[in-house]
J.: 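Quick one: the structure is below, questions incoming.
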Amino acid sequence: MIRRSSLHGCTWRFESLADLMAKASPPRSGDQLAGIAAHSASERVAAQMALADLPLSVFLSEAVVPYELCDVTRLIIDGHDSTAFVPIAHLTVGGLRDHLLACDDPGALRQGLTPEMVAAVSKIMRLQDLISVAQRCRVTTAFRNTIGLPGRLSVRLQPNHPTDDAAGIAASTLDGLLLGAGDAVIGINPATDSPQITTRLLHMLDGLIQRHAIPTQSCVLAHVTTTLRCIEEGAPVDLVFQSIGGTEATNASFGVTLSLLREAQQAALSLGRGTVGRNVMYFETGQGSALSANAHHGVDQQTIEARAYAVARAFDPLLVNSVVGFIGPEYLADGKQITRAGLEDHFCGKLLGLPMGVDVCYTNHADADQDDMDALLTLLGAAGVTYVMGVPGADDVMLSYQSTSFHDALYLRAALGLRPAPEFEAWLARMGLDGTTPEALPPGFAQGLLA
Amino acid sequence: MSLPTRWHDLRSFTPARVALGRVGQGLPTAAHLAFQADHAAARDAVHAALDVAALRAALGPQTKLVRSAAPDRATYLRRPDLGRSLHPDHDLAPQPGCLAIVVADGLSAIATQRHAPALVEALLALMPELGPVVIATQARVALGDAVGEALQAEAVLVLLGERPGLSAFDSLGAYLTWQPRIGRSDAERNCVSNIRPAGLAVPEAARKLAWLLGEMRRLRLSGVALKDDAPDYGSSISLDST
């Protein structure tokens, strides 16, 4: 449907809902690269005003990606809970913003909201709005510990190594444990995606977790088909990882379908390895992945990203994070754009009911630095982010980008009075790692280096 | 190796920044500034301009010059599509069947400046039939397809600076494409990465590339179908999206 909006004596015309949402998006290089961004600041605000006046019900009748072309659209529309929608059915996008800011429990609306509604409202929110609403959405998940409780901040320990050397990975893992990281997951990005290497690393982490009775879970972030094969061959798989996107075509570019994800979830559940919960999936997402796969259907990258969360929530994940600054400056050009996108992603994920973490990160060709990361990290802490990454010294020597460090997570916990997941916190206390870091390794700790 | 007993001992197991120490919750000053120094080198490499005159002097007077459609570095970084398009002001004449070499700045002109002349010299010693050599600025890998198309080349070898990491800011990448034409996908290329003294040294890189070029001509293809089972000259896995 064509919509018009006037501001300062000018009238702008928006060809479709997707066009309106793209023009209403706060500026970012990816939408400019796609040729769908607003051409002026006034056009952007005119679009935001038109978007604010749009009834939420429009999102149930007008799809940004055609229903018949995309299984993600079908998942969203067919899975929409019309009963949960009733309390907000009369609202516009602007009305939803006001409601979210005023209500005590915005998370209660999650099944009545579609990703497009959530993306739309985020486009007319400032950073403080994104923080204030997300903070009031609590999402709790569990496997061998409980993640997302109020006042808690978990950390994914990310011990990558350029050649998947097991002893090198073990050394980074021990470093992280000494610095209180690892309660979200000990998760390795393998340099080479093979069942042999994945299985070897899974056994190494499983041995470490068992030997020290660490209440956490492991994951090797291989392709889902690799992990499925490892499960078939009897490897100790705690979590199934997969990168996902917000259109069927993006997922195809990742080599996955919804039915493949379902199969993997069932396979991991059949192993029964969780002790306090049954959330077995781990997903990563990121603005720009659809455009880079030419699978965005002319929709802005933030709306597509929110649609990826509809995919994620269909599989009751333990963990979901956006890799916000990883995809490069052609999608998010600088610290300002990365900051905004990180808070949008966290807000949208939380409002849709996901245990949302963020990989606060940047590459060396983006206009960003450690100060930008400190600012985003602190803002996300205030927003109640479920977990962040822990990489030795913030320098991922395999993926060649900068994420947050074990020290960064310690800073955030101390600055905001946040604590690790309760089971993990008790383990840290038993190991004497709950205060400072001892110069001598705890007894038996170096055993994993023999791997 | 005996098992470590102290935190600091972990450092011998990985190039990662482990056992940095801890002051309160933060990094000790030396570790903090070491990180800043490595990031500064990477940033400077991204923004360095290729010294075309010096490069041309090193590569020889026959070297052609082209540029991409990206007018400056800021645009180049945000618009990879422009970095893949050849600016129309070039004077490339068709040389059907040639094996062209494109020497490009990519994301680290420092890598190109430092290592490309020696690599081209080593390659020409192994394969004198290579050429012409074309210098390209504000260039992405796929600019080689446009250059190859203009030359009607049989194959193109693109040498360009890889995205700097904190551990290396002067790493050169080499991308081989059989029958380069606009629109080739990255799956149709072969890559040799991390070419620098502390990574894959120039003589080894040259031998590996010459072997791949020979196989490419024998099999008349490049990309995933050309398996890289060369004698062990080093990794050909690309971690970089250029």
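Only heavy atoms go into these numbers, but all of them, side chains included; no hydrogens, no water, no symmetry mates. We name chains A, B, ... by the order of the sequence lines, and we start the count at 1 in each one.
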J.: Counting the benzene-type ring for Trp, do A:Tyr362 and B:His39 have ring centres under 6.0 Å apart?
T.: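 Ring-ring flag for A:Tyr362/B:His39: true, centres closer than 6.0 Å.
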J.: Donor-acceptor check, side chain of A:His365 to backbone of B:His47, threshold 3.5 angstrom: yes or no?
T.: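 Such a contact is absent between A:His365 side chain and B:His47 backbone.
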J.: Verify side chain to side chain contact (heavy atoms under 4.5 Å, CB included) between A:Leu33 and B:Asp81, making sure each step is shown before the conclusion.
T.: CA-CA 8 Å; A:Leu33 177 64; B:Asp81 54 328; 3.4 Å; yes
J.: Between A:Asp367 and chain B, which part of the residue has a heavy atom less than 4.5 Å away: side chain, backbone, both or neither?
T.: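 For A:Asp367, backbone and side chain are both near chain B.
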J.: Against chain A, work out which of B:Gly165, B:Pro80, B:Ser167 has the most heavy-atom pairs shorter than 4.5 Å and name it.
T.: B:Pro80
J.: Heavy atoms only: give me the nearest A:Gly393-B:Leu20 pair and the separation to one decimal.
T.: CA-CD1, 3.6 Å
J.: For residues B:Val18 and A:Ala171, report the shortest heavy-atom separation together with the two atoms involved.
T.: CG1-O, 4.3 Å
J.: So which heavy atom on A:Leu449 is nearest to which on B:Pro4, and how close?
T.: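 Heavy atoms of A:Leu449 and B:Pro4 come nearest at CD1-CG, 3.2 Å.
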J.: Which residues in residues 436-443 of chain A have a heavy atom less than 4.5 Å from any heavy atom of chain B?
T.: A:Thr436, A:Thr437, A:Pro438, A:Glu439, A:Ala440, A:Leu441
J.: Side chain to side chain contact (heavy atoms under 4.5 Å, CB included) between B:Arg22 and A:Leu410: does it pass, once the steps are laid out?
T.: CA-CA 10 Å; B:Arg22 174 173 169 182; A:Leu410 287 175; 3.6 Å; yes
J.: Using 0.5 Å steps for rounding, measure from the CG atom of A:Leu174 to the CG atom of B:Asp9.
T.: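 Those atoms lie 11.5 Å apart.
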J.: What are the two closest non-hydrogen atoms of A:Pro329 and B:Leu77, and how far apart are they?
T.: CG-O, 3.8 Å
J.: Checking A:Thr225 now: which residues fulfil side-chain contact (heavy atoms from CB on, under 4.5 Å) with it, not counting sequence neighbours?
T.: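 If we apply the side-chain contact (heavy atoms from CB on, under 4.5 Å) test to A:Thr225, skipping adjacent residues, the hits are A:His223, A:Leu260.
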J.: Carefully, step by step, assess A:Gln402 and B:Leu166 under the rule side chain to side chain contact (heavy atoms under 4.5 Å, CB included).
T.: CA-CA 8 Å; A:Gln402 286 88 257; B:Leu166 291 194; 3.4 Å; yes
J.: Report yes or no: does A:Asn364 contribute a side-chain atom to a donor-acceptor pair with the main-chain N or O of B:Arg43 at less than 3.5 Å?
T.: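 No; zero donor-acceptor contacts below 3.5 Å.
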J.: I need the minimum non-hydrogen distance between B:Trp7 and A:Leu178, along with the two atoms involved.
T.: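 Nearest heavy atoms, B:Trp7 then A:Leu178: CD1-CD1, 3.3 Å.
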J.: What distance separates A:Glu330 CD from B:Leu82 CG, expressed to the nearest 0.5 Å?
T.: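 If I round to the nearest 0.5 Å, the distance is 12.0 Å.
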J.: Does CG belonging to A:Asp434 count more than 12 external heavy atoms closer than 6.0 Å?
T.: yes
J.: Just wondering, do A:Asp334 and B:Arg78 contact through their side chains at under 4.5 Å, heavy atoms?
T.: yes
J.: Measuring only between side-chain heavy atoms, which start at C-beta, is B:Arg17 closer than 4.5 Å to A:Ser405?
T.: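 No; the side chains remain at least 4.5 Å from each other.
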J.: To the nearest 0.5 Å, how far apart are OG1 in B:Thr14 and CD1 in A:Ile169?
T.: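 B:Thr14 OG1 to A:Ile169 CD1: 8.5 Å, rounded to 0.5 Å.
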J.: Given the options A:Ser172, A:Ser29, A:Gly176, which has more heavy-atom pairs under 4.5 Å with chain B than any of the others?
T.: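 Among A:Ser172, A:Ser29, A:Gly176, the one with the most close pairs to chain B is A:Ser172.
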J.: Using every non-hydrogen atom in the two residues, find where A:His161 and B:Pro15 come nearest and quote the distance to one decimal.
T.: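 Minimum heavy-atom contact is NE2-CD, 3.6 Å.
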J.: What's the spacing between A:Phe406 CZ and B:Leu27 CG if we round to 0.5 Å?
T.: 11.5 Å
